[in-house]
2 protein chains.
Amino acid sequence: MTTTPDVSAAWQAYQRMRMLLNGQINRELGRSTGLSEADYDILFFLEQSQDSSVRSIALRCGLAWEKSRLSHQLRRMEQRGLIEKAPGAVIHLTDKGREQIAAARDCHEAAVRRYFGDVLSAEQLTALATISDQVVARLTQDLPHHAH
Amino acid sequence: MTTTPDVSAAWQAYQRMRMLLNGQINRELGRSTGLSEADYDILFFLEQSQDSSVRSIALRCGLAWEKSRLSHQLRRMEQRGLIEKAPGAVIHLTDKGREQIAAARDCHEAAVRRYFGDVLSAEQLTALATISDQVVARLTQDLPHHAH
DNA sequence: ATCAACGAGTTGACACATCAACCACGGTTC
DNA sequence: GAACCGTGGTTGATGTGTCAACTCGTTGAT
């Protein structure tokens with residue numbers, strides 16, 4: 001009411017897509033691989049890093065995660081044998097982790113294509129990328145580095 | 001790699017926007033009102049319902065939530081005095097709840113406008129709404145009613 | 001009338017995310 | 001050197017979301 005109908009309608013539509021889309025992809029990924037979206041993000045980042053290992057701080061910046069979130073997640077993943085912590089805050093991908101991310105990649109990319117890539121035209125995809133970049137730029141301009 | 005660069009780039013940009021945008025709005029809402037996004041959704045739905053009360057099933061369908069999520073959320077909100085459960089699975093908005101949603105509405109709408117509505121053009125807003133509707137339609141066509 | 005089937009709602013266990021408080025260490029600056 | 005501060009990382013408490021299993025009431029078939 002206070003906001004323009006355009007803004008409100010777009011926001012509501014976006015909110016619904018966000019919840020349903022990520023819920024579905026998360027569900028499919030978890031069912032068929034036992035990995036969560038958070039697991040997948042970490043393993044994906046590690047896999048395509050040189051030597052399959054990165055500093056914690058690189059993960060934090062690359063994924064834009066809060067530090068305590070990363071710490072908890074890495075602890076859980078180390079307990080499951082997906083990663084190893086080396087001195088110097090270095091994170092190594094284990095063989096088990098490499099195996100699981102390889103199995104999960106197809107499932108994840110198929111789900112993204114099925115519910116996202118195949119549904120939208122090339123113009124829509126680039127439009128969404130532009131929209132996202134603008135919003136992200138707005139968000140990161142006010143919060144330089146703090147608030148982490 | 002397997003996916004088209006367009007799809008992958010759009011997906012990554014969207015993922016980043018999703019995390020940062022909802023994180024920021026959630027944070028601002030929580031800091032200044034003590035309500036979470038989930039609280040806000042419930043209270044908002046209740047406030048604009050006739051008699052400030054709805055059946056649980058209406059909430060579940062209207063918000064597209066899983067039933068256990070709704071149950072847990074309603075239990076927590078009743079403990080805080082924001083809502084009341086009446087026989088027949090009817091949920092009432094309490095005075096305290098009405099007061100809090102009124103205070104939170106401005107904050108929430110301002111945040112949505114600041115980080116979302118003001119950043120995008122009218123064309124972008126309608127394009128995003130269309131995109132969202134298409135994706136949601138794709139998601140709900142395969143899963144008729146089950147899986148809830 | 002009985003029993004099976006279904007759906008709404010609840011519960012408990014667990015994973016996940018956030019916050020605040022803390023520890024450790026590498027810089028200052030005096 | 002000593003007190004200080006900013007930053008990276010950890011921890012514990014709490015709120016949130018999901019799954020599976022359960023209760024309960026209604027419905028439909030035999």
Atom-pair distance (CD on B:E28; P on C:dC19), nearest Å: 12 Å

Go through D:dG9, C:dG9, D:dA20 for me and flag the one nearest to the B:S56 side chain. C:dG9

Any B:R55 side-chain N or O less than 4.0 Å from OP1/OP2 of C:dG9: no

Atom NZ of A:K67 to atom P of C:dA24: distance rounded to whole Å? 15 Å

Separation of atom CG in A:N22 from atom C1' in D:dT18, rounded to whole Å: 15 Å

Could you check which of D:dT10, C:dG9, D:dG8 has an atom nearest any side-chain atom of A:S71? D:dT10

Between B:L70 (CG) and C:dG7 (C1'), how many Å, whole number? 15 Å

Identify the pairs formed between an N or O of the protein and an N or O of nucleotides 13-16 of chain C at a distance under 3.5 Å, and give each distance.
residue : atom : partner : partner atom : Å
C:dC16  : OP1  : A:S36   : OG           : 2.6
C:dC16  : OP2  : A:R76   : NE           : 3.1

Say whether A:Q79 and A:R76, considering side chains only, have a donor N or O and an acceptor N or O under 3.5 Å apart. no

Examine C:dT10: is either OP1 or OP2 under 4.0 Å from a nitrogen or oxygen in the side chain of B:K85? Give yes or no. yes

Rounded to whole Å, please give me the gap between CD in A:Q79 and P in D:dT10. 13 Å

To the nearest angstrom, the CH2-P distance between A:W65 and D:dG9 comes to 14 Å

Nearest-angstrom distance from the residue atom CD1 of A:I83 to P of D:dG9: 13 Å

Distance check needed: C:dA17 C1' versus B:L20 CG, whole Å only. 14 Å

Using 30° and 60° as the class boundaries, would you call the ring planes of A:Y40 and A:F44 parallel, tilted or perpendicular? parallel

Just jot down the side-chain contact (heavy atoms from CB on, under 4.5 Å) partners of A:A64, sequence neighbours excluded, or say none. B:R16, B:M19, B:L20

Is it true that the side chains of B:R105 and B:H108 contain a donor and an acceptor less than 3.5 Å apart? no

Can you sort out the partners of A:S121 under side-chain contact (heavy atoms from CB on, under 4.5 Å), two or more places apart, ordered by chain and number? A:E123, A:Q124

For D:dC19, does OP1 or OP2 lie under 4.0 Å from any side-chain N or O of A:R27? yes

With the threshold set at 4.0 Å, does a side-chain nitrogen-carboxylate oxygen contact exist between B:R27 and A:E66? yes

A:D39/A:R80 ion pair, N-O < 4.0 Å: yes

Under 4.0 angstrom between A:R31 side-chain N/O and D:dC19 OP1 or OP2: no

